[in-house]
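Below is one structure, written out as structure tokens; comments come after it.
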Amino acid sequence: MNKKQISSGAQKAEALADNGKKSEVKTNSAVKTTAEPKKKTAAKKPSVKKADVKKTEKTKKAKSAGKVKSVKKNDKKKSARAAKISEKRRLRREDREQKKLEAEKIRAEKKQKRLEKKLDAKQKRLDRIAAVKEKRAEAREKRRERRDLLKHESKEARIERKREERNAKIQARVAKREAAMAEKRAKREHRLKLRAEKRAEKNEKRHAPGFGGWLAAVISLGVVTLALGSMLTYGWINMDGMTADMATVHTESLYELNSIVDNLDTNLAKVRVANTKGEQVKLLSDVAIESEMAETILERLPMDMQLTQNMTSFVNKMGDSAQSMLYAVANGKKLTDSQIATIEHMYRTNLQLKQTINELTAKCNSKEMIKAMRGKENSLMFVTFGEIENNVVETPKEIHDGPFAENIKKSSPKNLNGLNEITSAQAEELAKKYFGSYEVTGASCTGEVTAENITCYNITMQTKDGEMSAQLSKQGGKVVEFNSYKDCSDKNFSVERCIDIAEDFLSSLGLTNMKAVWTSENGTTCNLNFAYEQDGVIIYPDMIKVKVCEERGIVTGMEGLAYVLNHTQRQLGSAKISKSQAKAVLNGGFDVESSRLCLIPVDGEEVLCYEFYGTFDNSDYYIYVDAATGNEVEMFTVIGTAQGRALM
């Protein structure tokens, strides 16, 4: 049988035999003889029948085809599964990319917000610096104006001028009131005359003529008799009617005053908490208008000027203050600490007025009003307004941040006498020395400024925390002012510790024997006033103000103009009365907590006084008694504001 007739199965068998033969030859040459018969036997296998071979081939082909189909089916499943997995991977990859893009966008937005916040903080800092500078400029301008006003006017002339202005104002009000009363009397008389004429016309129409001579004679006789009697009684009837009408007019004025005081109470209560420009303008406008109306009504009341003088002055002052604040707010400025404290004082005083006038309005009738019109001192009107004058109304004084904090009276800088002038370069070196603890990296002089007869160098310093500024006197190189503009948000230091920090700072500037005389906290800033102490006496004219940051425990501001102007060694003399004698002058209900000798400014002069600090009716007071005469020469009451403590 040739190779063409051998089936594929036989070929496979032959191949296996050949492989086996080769293996046997390699392992053992002796088996070679026995392998040959096997080869022959294998060669005989193709003798299988053709039908069987074909059947076998068909079976194998069918199996092979089935396997191919199964493989193809499996390949399709694998392809579908692979495609599905690939799609999931693609979606996950896209999702990751999308998340990366979103994260980058969020990071970019956060970065932009940080930049905006930083720029906003910088702008606010610049605004605060500008506001501080503007405030200083306004204060300097006010001091300059006051100095110019008082420069050529003696104390006696000033007192006389104020007295004349006050008397002229009182006379003008009296004349205005008398004119108004005269006008009302004229109108009343005109109405009575018209009423009498109308009655006469009615009587003439009621009695027609022609009844006879005897009736005319009787009527004429009756008329004459009636006229004789009326001449005696008409004057009294007419006067009583006018008095009653005037009492009604005055009662209406009292009701109107009561309504206005109620409105003032409402508007002042609102302006205390208003924080937007529009609302403040509206409320302050109402307060100014209502104050003017109240002043006009007070002038119409039948009261002596002495009983309404303080109340009229308070209302007038309230209107002026409201108008001044209105102009400031309308021009884009914010209310100062002093103005806020003034609003608080006006509100509390007006509240007392409201309560008193409400009671008066409820009790006052026409009889009481007539008694007031006739000048009866026991009338309800006289008694009530007397109480208002003595116990309720106090004309607001200028509010300070501590005792005598704004009393810069002298014009000659005593502390600089005999000192040589320094150059701008020397001022820069002195600034580095004075503020060495702030790690100053550079200092430069930006110009000169003159205030209160003192010429100063403006020095700008650079530190790692930002920029600082100081003013050094050209004569002697003394520190007049210092600011570092550092923000404070937390409170890490107590007031007592802040006092120690401020004392160390002043000592580093060569300022010794300074004693803290006033403390007030404004948020996280501690405001301190120091005064020079000589022989146990507090010298209030020699004052220095210091600000300490309660977060960092460092001095962030200092103002020593009053000290530079006034400080010198004085001949104090001794007190002519004892402390116990001075204390005896005080109100018996005043509870003294501390006392000491001090030198205070009074009408441009320095007066040795006893200072008494204590409480009366749950309120704190500073009272100053002249150590020579025993008279009370000054008094302050401590009030609380949103910016800390203040004095009035």
Side-chain angles (χ1 to χ4, degrees), residues 170 173-174 177 246-272 283 286-322 341-397 399 587 589-590 616-619 621 635 637 639-640 648:
I170 292 173
R173 289 175 180 169
V174 171
R177 180 187 295 176
M246 290 303 299
T248 302
V249 171
H250 290 317
T251 303
E252 291 175 355
S253 297
L254 181 61
Y255 288 147
E256 190 175 354
L257 176 64
N258 184 62
S259 176
I260 290 174
V261 172
D262 287 344
N263 292 338
L264 281 169
D265 176 71
T266 302
N267 290 325
L268 288 171
K270 290 179 180 179
V271 80
R272 293 168 69 206
L283 294 171
D286 291 341
V287 170
I289 294 171
E290 289 162 354
S291 299
E292 186 175 353
M293 294 171 61
E295 183 179 3
T296 303
I297 293 172
L298 281 171
E299 294 173 353
R300 297 205 306 255
L301 292 177
M303 303 297 299
D304 191 270
M305 287 296 296
Q306 294 180 352
L307 290 177
T308 60
Q309 183 175 355
N310 278 357
M311 185 174 177
T312 302
S313 178
F314 167 75
V315 172
N316 186 26
K317 184 77 173 181
M318 181 163 54
D320 292 343
S321 299
T342 300
I343 290 173
E344 185 68 22
H345 171 76
M346 292 191 302
Y347 167 73
R348 295 187 181 280
T349 303
N350 187 78
L351 180 61
Q352 292 179 289
L353 283 175
K354 171 188 172 184
Q355 295 169 351
T356 305
I357 294 177
N358 283 348
E359 293 177 2
L360 173 63
T361 306
K363 296 178 181 179
C364 188
N365 51 30
S366 59
K367 291 183 179 180
E368 289 291 339
M369 187 61 71
I370 291 173
K371 288 173 65 176
M373 292 169 58
R374 292 175 178 173
K376 301 293 183 180
E377 294 184 358
N378 61 346
S379 68
L380 185 60
M381 289 281 289
F382 270 69
V383 173
T384 302
F385 275 92
E387 293 177 354
I388 291 174
E389 190 74 6
N390 296 325
N391 302 324
V392 177
V393 178
E394 176 189 357
T395 303
K397 298 178 181 178
I399 295 175
N587 188 302
F590 183 70
F616 180 82
D617 193 22
N618 297 323
S619 296
Y621 292 87
M635 182 183 300
T637 178
I639 63 173
M648 180 172 292

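All values below come from the heavy atoms of this structure, side chains included, with hydrogens, waters and symmetry mates left out. All of these numbers come straight from a predicted model, not from anything done at the bench.
How far CE of M346 is from CG of L268: 5.5 Å, rounded to the nearest 0.5 Å. Expressed to the nearest 0.5 Å, how far OG1 of T266 lies from CG of L283 amounts to 10.5 Å. The line from OG of S291 to CG of D286 is 10.5 Å long, rounded to the nearest 0.5 Å.
The closest side-chain heavy-atom distance from M318 to T349 is not below 4.5 Å. Looking only at side-chain heavy atoms (C-beta outward), Q355 and L351 come within less than 4.5 Å of each other. Residues T356 and E359 form no side-chain contact, since every pair of their non-hydrogen atoms from C-beta on lies 4.5 Å or further apart.
Smallest separation of non-hydrogen atoms from G319 and A288: O-CB, 4.2 Å. Of all non-hydrogen atoms in N587 and F616, the two that sit nearest each other are OD1-CE1, 3.8 Å. Minimum interatomic distance between F590 and Y621 (heavy atoms only, all atoms of both residues): CE1-CB, 3.7 Å.
In this structure N258 satisfies the side chain to side chain contact (heavy atoms under 4.5 Å, CB included) test together with D262, I357, N358, T361, sequence neighbours excluded. Scored by the side chain to side chain contact (heavy atoms under 4.5 Å, CB included) test, E256 finds I260, I297, R300 as partners (sequence neighbours excluded). D265 is linked by a side-chain hydrogen bond (donor to acceptor under 3.5 Å, both in side chains) to K354, counting only residues two or more places apart in sequence or in another chain.
Between the side chain of N267 and the backbone N or O of N263, at least one donor-acceptor pair lies under 3.5 Å.
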